[in-house]
Amino acid sequence: MRVCRHCAHQNADHLGYCSQCGKRLGPITGDLKGAAGAAARATAAGKTVKARVLTAPRPAAARLLRFTRWIGGSIAYIYVYLRGKLDAGERRRRLCEERNGAERLLSGAAKELGATILREGIAESDLTGLLEAIGRAEARREAALADIAASERLQLGEDARLAAQEAALEAELRACETAHREVEGMLRAVTAENQAAVVRLERIKDDLERLMREALLDPNTASGSEDRRHGPRIRHETSALNDEQAALKEQAQRLDRQLVQLRERSASLRTATASARIKRDATVATRRQASSAMGASIASHSRERADAEREIGVLTEQLGRAAAQIRPPGAMLQPLFQRIDRLAEAVAERGSDIAALDQAAAHYDERKLLTGVGLVTSMIAVTVAVIWVVLRSPR
């Protein structure tokens, strides 16, 4: 505690201003501790009261002076309160950080102690339950690790099998598509050739009709010399056109049969391509589903392993804390015990400092604070009212 040298009020150590009179506190000195400090504080308080009595002014002036000091002290107490709250909050934050850090270090030291006990094989009757629980958790972790390894191997094998099946179906699909494109190309070529043969047959038919008209032209009007000259030509052209027509008809029939075969082959290849595509898509979907299922299985085993490791960590810490209470014999454990004791003392000290700080934060004069807030509010209201009246008054 810090004693105000003006009013002898006791304040918390973290405060920079007196919570009673609002004046700055002096530094903490070593002569104000213990019984000697109490005697010194009593002497200082007596001197202060005596000085006030000797220097007390007249009653009216004293009342006016006290009233003025009361107003000033109430208004200044707002700053004292806010400054004290800020200082207390900052100090409490630092103390909480230090306590949390010490608790983390204490937890780590307890885990280290538990791990040392497990590594050295130290057995105590009071620690048997924790040791068995840690053994069961380690067994669950090892089982989860084995399941993860088995699932990964199964996933690799299944993925390789499905990948090979998918590659085979993909090759089959590409072969069907290539054959279908070739047949379609042949079909287009044969169709074009057939159409050309049909067009040529139509032209031959027209030529034959023309020659027949020439041959059936009125023969009585033609001279014998002309008949002898044009008759062999017409017969020769007619014979050539008939031979070509017969060849084209045979070609057209052959092309028609070839078109039918190509259309049937194209239809079968189209069906085979669609079937291969469906199989390929089904294999891809199966591969994805298998991969997802295996991934979910591996993730489940990974969660089990993480839970087991987390449980092992918690049980190891509990084992260390229990061993710190029991103190089993062992030369390697003594430094850890000392470290745990130091950290526990640090945590307890920070906790007591925080409790004292919270207790000191409640020693403020609420009446004085409310009075100061009311005075400041009244002064602000009066000032605003005066400014408003001045601005609204006619010039």
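None of the values given here were measured: they were computed from a predicted structure. Throughout, numbering of the chain's residues begins at 1 and tracks the sequence. Below, each value reflects all heavy atoms present in this structure, side chains not excepted, and no hydrogens, waters or symmetry copies.
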Item to check | Lys/Arg N to Asp/Glu carboxylate O, Asp341 vs Arg327, below 4.0 Å | outcome: yes
Checklist entry - Which heavy-atom pair separates Leu343 from Ala109 by the least distance, and what is that distance? => result CD1-CB, 4.1 Å
Checklist outcome for this item: On a heavy-atom basis, the closest approach of Leu113 and Ala323 is CD2-CB, 4.0 Å
Item to check | Closest non-hydrogen atom pair, Pro329 against Ile122 | outcome: O-CD1, 4.5 Å
Item to check | Thr273 side chain to Leu269 backbone, donor-acceptor under 3.5 Å | outcome: yes
Checklist entry - Thinking salt bridges, do Asp358 and Arg92 make one under a 4.0 Å N-O criterion? => result yes
Item to check | Arg288 side chain vs Ala285 backbone, donor-acceptor pair below 3.5 Å | outcome: no
Item to check | Pair Glu177 + Arg174, salt bridge at N-O below 4.0 Å | outcome: no
Next on the checklist: Nearest 0.5 angstrom please: Leu169 CG to Ile278 CD1, how far?
Outcome noted: 12.0 Å
Item to check | Heavy-atom closest pair, residues Leu319 and Gly114 | outcome: CD2-O, 3.8 Å
Checklist entry - Going by an N to O cut-off under 4.0 Å, is there a salt bridge joining Glu166 and Arg287? => result yes
Checklist entry - Are side-chain heavy atoms of Arg93 and Glu97 found at a separation under 4.5 Å? => result yes
Next on the checklist: Which heavy atom of Leu187 sits nearest to which heavy atom of Thr191, and what is that distance?
Outcome noted: O-OG1, 2.6 Å
Next on the checklist: Could you walk me through whether Arg94 and Glu90 satisfy the salt bridge (charged side-chain N to carboxylate O under 4.0 Å, His left out) test, starting with their C-alpha distance in whole Å, then the side-chain angles of each, then the deciding distance to 0.1 Å, before giving a yes or no?
Outcome noted: CA-CA 6 Å; Arg94 289 197 303 268; Glu90 181 65 21; 3.7 Å; yes
Item to check | Pairwise distance OG(Ser268) to CZ(Arg263) - rounded to 0.5 angstrom | outcome: 14.0 Å
Item to check | Note: Arg270-Glu184 ion pair, threshold 4.0 Å (strictly below) | outcome: yes
Checklist entry - Just wondering, are more than 12 heavy atoms of other shown residues or ligands nearer than 6.0 Å to CZ in Arg392? => result no
Item to check | side chain to side chain donor-acceptor pair (under 3.5 Å) contacts in which one or both residues fall within residues 103-113, not counting sequence neighbours | outcome: Ser107-Glu317, Glu112-Arg339
Next on the checklist: The test is side chain to side chain contact (heavy atoms under 4.5 Å, CB included); show your working for Leu162 and Val284 and say whether it passes.
Outcome noted: CA-CA 8 Å; Leu162 292 176; Val284 171; over 6 Å; no
Checklist outcome for this item: Residues pairing under side chain to side chain donor-acceptor pair (under 3.5 Å) where one sits in residues 143-158, two or more places apart or in two chains, turn out to be Glu158-Arg161
Next on the checklist: The test is side chain to side chain contact (heavy atoms under 4.5 Å, CB included); show your working for Leu357 and Asp353 and say whether it passes.
Outcome noted: CA-CA 6 Å; Leu357 191 64; Asp353 291 341; over 6 Å; no
Checklist entry - How many angstroms lie between atom CG of Leu173 and atom NE2 of His180, to the nearest 0.5 angstrom? => result 12.0 Å
Next on the checklist: Evaluate Leu130 against Thr316 for side chain to side chain contact (heavy atoms under 4.5 Å, CB included), listing each step before the verdict.
Outcome noted: CA-CA 8 Å; Leu130 290 172; Thr316 303; over 6 Å; no
Next on the checklist: Could you check whether atom CZ of Arg140 has more than 12 heavy atoms from other residues, nucleotides or ligands sitting under 6.0 Å from it?
Outcome noted: yes
Checklist entry - Applying the salt bridge (charged side-chain N to carboxylate O under 4.0 Å, His left out) test to Glu170, which of Lys279, Arg280, Arg277 qualifies? => result Arg280
Item to check | In one Ile/Leu/Val/Met/Phe/Trp/Tyr side-chain cluster, 4.5 Å: Val389, Val384 | outcome: no
Checklist entry - What is the distance from atom SG of Cys96 to atom CD of Glu98, rounded to the nearest 0.5 Å? => result 9.5 Å
Checklist entry - Going through the distances and angles, do Leu106 and Arg321 end up as a side chain to side chain contact (heavy atoms under 4.5 Å, CB included)? => result CA-CA 9 Å; Leu106 179 60; Arg321 294 182 182 275; 3.9 Å; yes
Next on the checklist: Can a donor-acceptor pair be found, under 3.5 Å and without considering hydrogens, that links the side chain of Ser300 to the backbone of Ala296?
Outcome noted: no
Checklist entry - What is the distance from atom CZ of Arg141 to atom CZ of Arg310, rounded to the nearest 0.5 Å? => result 13.0 Å
Checklist entry - Should Arg99 and Glu349 count as an ion pair when the cut-off is N to O under 4.0 Å? => result no
Checklist entry - How far does CG of Asn100 sit from CG of Leu95, to the nearest 0.5 angstrom? => result 10.5 Å
